[in-house]
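Read through the structure below, which is laid out as structure tokens, and then see the notes.
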Protein chains: 2
Amino acid sequence: MVFMATMKDVAREAGVALGSVSRVINHAPGVKQKTIDKVNAAIKKLNYVPDEYARGLKVKSSKTVALILPSIWNLFFAEFAYYVEKYLAEKNYKLLLCNYSNNPKAEQHYIKMAKQNKIDAIICITYDDLDKYFYAGIPLVSIDRYFEQKISYVTSENYEGGRLAAEELLKHGVKHPAFIGTYNHNPSDVMKRHKGFAEYLSEQGYEFADVYLLEPVTKEKEETELFKLLDKNPEIDGIFCNTDSLLLDVKNWLAQREISVPEQIQLIGYDGIKPDFNSELGISTIRQPLPEMAKCAVEMVIEKVEQHRDEQRIERFPVSYIEGNTTKNI
Amino acid sequence: MVFMATMKDVAREAGVALGSVSRVINHAPGVKQKTIDKVNAAIKKLNYVPDEYARGLKVKSSKTVALILPSIWNLFFAEFAYYVEKYLAEKNYKLLLCNYSNNPKAEQHYIKMAKQNKIDAIICITYDDLDKYFYAGIPLVSIDRYFEQKISYVTSENYEGGRLAAEELLKHGVKHPAFIGTYNHNPSDVMKRHKGFAEYLSEQGYEFADVYLLEPVTKEKEETELFKLLDKNPEIDGIFCNTDSLLLDVKNWLAQREISVPEQIQLIGYDGIKPDFNSELGISTIRQPLPEMAKCAVEMVIEKVEQHRDEQRIERFPVSYIEGNTTKNI
DNA sequence: CTGAAAGCGCTTACAG
DNA sequence: CTGAAAGCGCTTACAG
């Protein structure tokens, strides 16, 4: 490692005391301009960078937030993480990445890690119990979750999204709609997709076939259940998939049985995942405004950290329908 | 924040000196078993977790590696990052995520951040100049890169992969192959895909149409060039795309012009991206063994950190062809 | 407005 | 084998 100047070196070079250097670095009020200039000159000359670990030890903060999610290997989470890192960086925070599903005893592990590393806050997407993080006293913002406890979260208009999916399916000529998706033991805002879908159809006088499975569930199970449903209801001509990931799987399963999409069965997903900034997967889906949601999550969490606000805050973002090639042209 | 016991509390509780607590925590040799037991009991009782920042200040290490890449929002990078985090966690290292393309003056920024935060090492995927990281004295492992300097990297058998793509295209009945892709100013191992592709075809007595563009390049440019090529060579019936991301775009562009894949034009990509553990995108591609590559990168980088090895090491992993629906059944 | 000093929670020679 | 002590590089009352 190369020589690294310390604050002491800067103080000596500038001919001032240690405290003054610290004050100019932290933009403390009431420092003479001349002192500021001397210190800044010395900093430049010595190529000084403050040591975050020494600072962290003193002020008990690390300027980092942990992003805890099932797996970064997922386009929805990856896009979200991309924007979270972006907005955190703008606020001078760092992002520690934690893949939840990597870790056998994850909760334990990450709580310990958070304490150990002075993690300032957590942004987290998980459908397990989060009480422990909460009780550990670390500010936390969740995605999509609905809690008994007063945890803040950001989510999309899941109910409206469900309705929209139903509406679009009908608009595209579907006569026998179906739903496929999973849900968790803990109540989650995501469940409203199902509710909105069901209610819209019922209002329009439609019935629908339903595969709604409790997690944890394997892909094999999902596939089996889907085909059971299809065998029982061969007239099905449109399916709303809970998430785009699931839509991708459903599309593959149907292809294996040589059922063509969208000719025989039309598909609408939820999330609006994209492989890149301006690339498209080409699927029909209900898009969540991920950049805005990430920005909001970052703002909420930083507000909690810096202003010690701990009321529950819930932000819900509007969704929109994106036409792709898994529905028919109309 | 909840009360947090310090090492001093543990020492008092256990009735030993501070140093002894430190020794048992760090598994220093030559501590009496009885002392170990007393200390461990106190740790348990007080629910003590060591403070990484105090430790880091002392030993000048943070047990974290920065992963620097263009953007986590990309299935190839996301899968890679997933495994990197996994293997780092197993070795008790943490992952700081840095999206390169977020940041205007990224190099500057991340070097400063690395120094500031005692980053132990960097794993990095970038096609810009890395000299600066290197000169900053921080151990670094790169992906895919070929450097003048002695930087270690892991990559796949790009040359063989290029040959394999050509071979598979011909095997699937393609008579008029083409290539599309981009390259960077700095030499990179990735360029061998093009070379392997070209050489195999030439050996087999084939010509091929070529769109090989120097980065930075926009998607619009890629699309325009592709259609220029197709207009000039309407007989093209198979294209090797440099990366799977590009294949996805090409597929969309062809669809817009109502050129059917694989009936009119067959497509083979490179990378083997998947949306999830056991999901598939269904494209035909040359798969890189990402989990193994990530594991190797982690091992290389930790070896550099812990054993202060700084020789250049290059690891090259074999690739395989995956049959999808962008090539014809044979 | 700025010095001098204490202290954050660890690790690690140095004695013994 | 283990105490006592110095010190890592900062921040922040406290004087002046």
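Below, chains carry the letters A, B, ... as their sequence lines are ordered, and counting in each starts from 1.
- Taking 4.5 Å as the limit, every side-chain heavy atom of B:Ile302 sits out of range of all side-chain heavy atoms of B:Tyr87.
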Practice task
Please lay out, stage by stage, how B:Tyr53 and A:Asn117 fare under the test side-chain hydrogen bond (donor to acceptor under 3.5 Å, both in side chains).
Solution key: CA-CA 7 Å; B:Tyr53 270 57; A:Asn117 293 285; over 6 Å; no

Practice task
Treat primed atoms plus P, OP1 and OP2 as sugar-phosphate and everything else as base, then score nucleotides 8-16 of chain D 5' to 3': B for base contact with protein heavy atoms under 4.0 Å, S for sugar-phosphate contact only, - for none.
Solution key: BBBBBB---

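- With respect to B:Glu13 and B:Lys45, a salt bridge is recorded, a charged nitrogen being found less than 4.0 Å from a carboxylate O.
- Under the ring pair (Phe, Tyr, Trp, His ring centres under 6.0 Å) criterion, A:Tyr83 pairs with B:Trp73, not counting sequence neighbours.
- One finds no salt bridge joining B:Asp51 and A:Lys115 here, because no Lys/Arg side-chain nitrogen approaches an Asp/Glu carboxylate oxygen to under 4.0 Å.
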Handout entry: Dot-bracket line, read 5' to 3' along DNA chain D, where crossing pairs take [ ] and | marks a partner on another strand, Watson-Crick or G-U under 3.5 Å
Key = |||.||||||||.|||

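- Taking the charged nitrogens against the carboxylate oxygens, A:Arg313 and A:Glu311 have no contact shorter than 4.0 Å, which rules out a salt bridge.
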Exercise for the section: Determine, stepwise, if the pair A:Asp37 / A:Lys34 fulfils salt bridge (charged side-chain N to carboxylate O under 4.0 Å, His left out). Expected result: CA-CA 5 Å; A:Asp37 294 340; A:Lys34 200 169 156 203; over 6 Å; no

